[in-house]
Amino acid sequence: MDYQILIKQAYEAQKNAYTPYSHWQVGAALLGKNGTIYHGCNIENAAYTPTNCAERTAFFKAVSEGIREFDGIAIVGNYEGQKQGEGDYCAPCGVCRQVMQEFCNPKEFQVILAKSMEDYKVFTLEELFPMGFGPDNLGK
Ligand code: THU
């Protein structure tokens with residue numbers, strides 16, 4: 001997997017983040033096993049709770065197109081106006097980790113957290129979400 005291509009795509013996705021409330025802009029690039037990259041951004045809402053994270057936007061776009069197998073996701077996040085490298089790594093929230101668990105092998109799925117094109121960390125889903133409850137627990 002080419003991490004830098006995925007990170008670049010996450011920065012592209014971030015450009016569409018809709019964040020009038022938190023001003024925290026997140027971009028995600030999800031690599032399907034079919035080789036296609038799905039973009040996601042966070043989409044906020046005046047009622048707050050309908051907000052959708054960038055990661056779930058990417059997953060739901062892919063799944064809604066019939067794609068259910070994935071190799072990895074790159075995630076970038078920073079406040080509006082911050083430059084690449086100024087912010088911290090943007091770790092996925094618990095709800096997004098649970099969605100990843102539904103569709104990914106936790107031992108293999110790679111989560112790339114990037115501060116810039118050069119500064120990134122790679123985790124497996126299992127490292128970020130140990131003992132996650134998933135389809136296997138229900139025999140699926
Ligand atoms: N957010 C994401 O999109 N992904 C994450 O990994 C963390 C949080 C969004 C949700 C909300 O729009 C904003 O960041 C602040 O929580």
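Note that ligands are numbered from 1 as they come in the structure, with each ligand's atoms numbered from 1 the same way.
Protein heavy atom in closest approach to atom 16 (O) of ligand 1: Trp24 CD1, 4.7 Å. Remark: minimum distance from atom 9 (C) of ligand 1 to any protein heavy atom is reached at Asn42 ND2, 3.4 Å. Given atom 3 (O) of ligand 1, the protein heavy atom at minimum distance is Ala54 N, 2.9 Å.
With ligand atoms numbered from 1 in the order given, ligand 1 contributes 1 (N), 2 (C), 3 (O), 4 (N) to contacts under 4.0 Å with heavy atoms of Cys53. Atoms of ligand 1 found under 4.0 Å from any heavy atom of Cys90, numbered from 1 in the order shown, are 5 (C), 6 (O). Under a 4.0 Å criterion applied to the non-hydrogen atoms of Cys93, ligand 1 contributes the atoms 6 (O). Remark: ligand 1 atoms within the under-4.0 Å shell around heavy atoms of Ser22 are 13 (C), 15 (C). Against a heavy-atom cut-off of under 4.0 Å, Glu55 is close to the following atoms of ligand 1: 2 (C), 3 (O), 4 (N), 5 (C), 6 (O).
A donor-acceptor pair under 3.5 Å is absent between the side-chain atoms of Glu102 and the main chain of Val99, judged by distance alone.
Side chain to side chain, Tyr3 and Gln110 meet the donor-acceptor criterion of an N or O pair below 3.5 Å. Residues Gln14 and Asn78 bring a donor and an acceptor atom of their side chains to less than 3.5 Å of each other. For the 3.5 Å distance criterion, the side chains of Asn45 and Tyr18 fail to qualify, holding no donor opposite an acceptor. With 3.5 Å as the limit, one finds a donor-acceptor pair spanning the side chains of Glu44 and Ser22.
Ligand 1 has no N or O atom lying under 3.5 Å from any N or O atom of Ile75, backbone or side chain. Remark: ligand 1 and Thr51 share no N or O pair separated by less than 3.5 Å (distance only, no angle test).
The heavy atom nearest to atom 13 (C) of ligand 1, out of those in Glu44, His23, Gln25, is found in Glu44.
Ring-plane geometry between Tyr21 and Tyr48 is classed as tilted, the angle between the planes lying from 30 to 60 degrees on a 0 to 90 degree scale.
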| request: Mind running side chain to side chain donor-acceptor pair (under 3.5 Å) on Gln9 and His39 for me, showing each step along the way? | output: CA-CA 7 Å; Gln9 293 301 312; His39 283 186; 2.7 Å; yes

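In this structure, Ile37 CD1 and Leu31 CG are separated by 5.5 Å, a value rounded to the nearest 0.5 Å.
The closest approach between any non-hydrogen atom of Ala91 and ligand 1 is below 4.0 Å.
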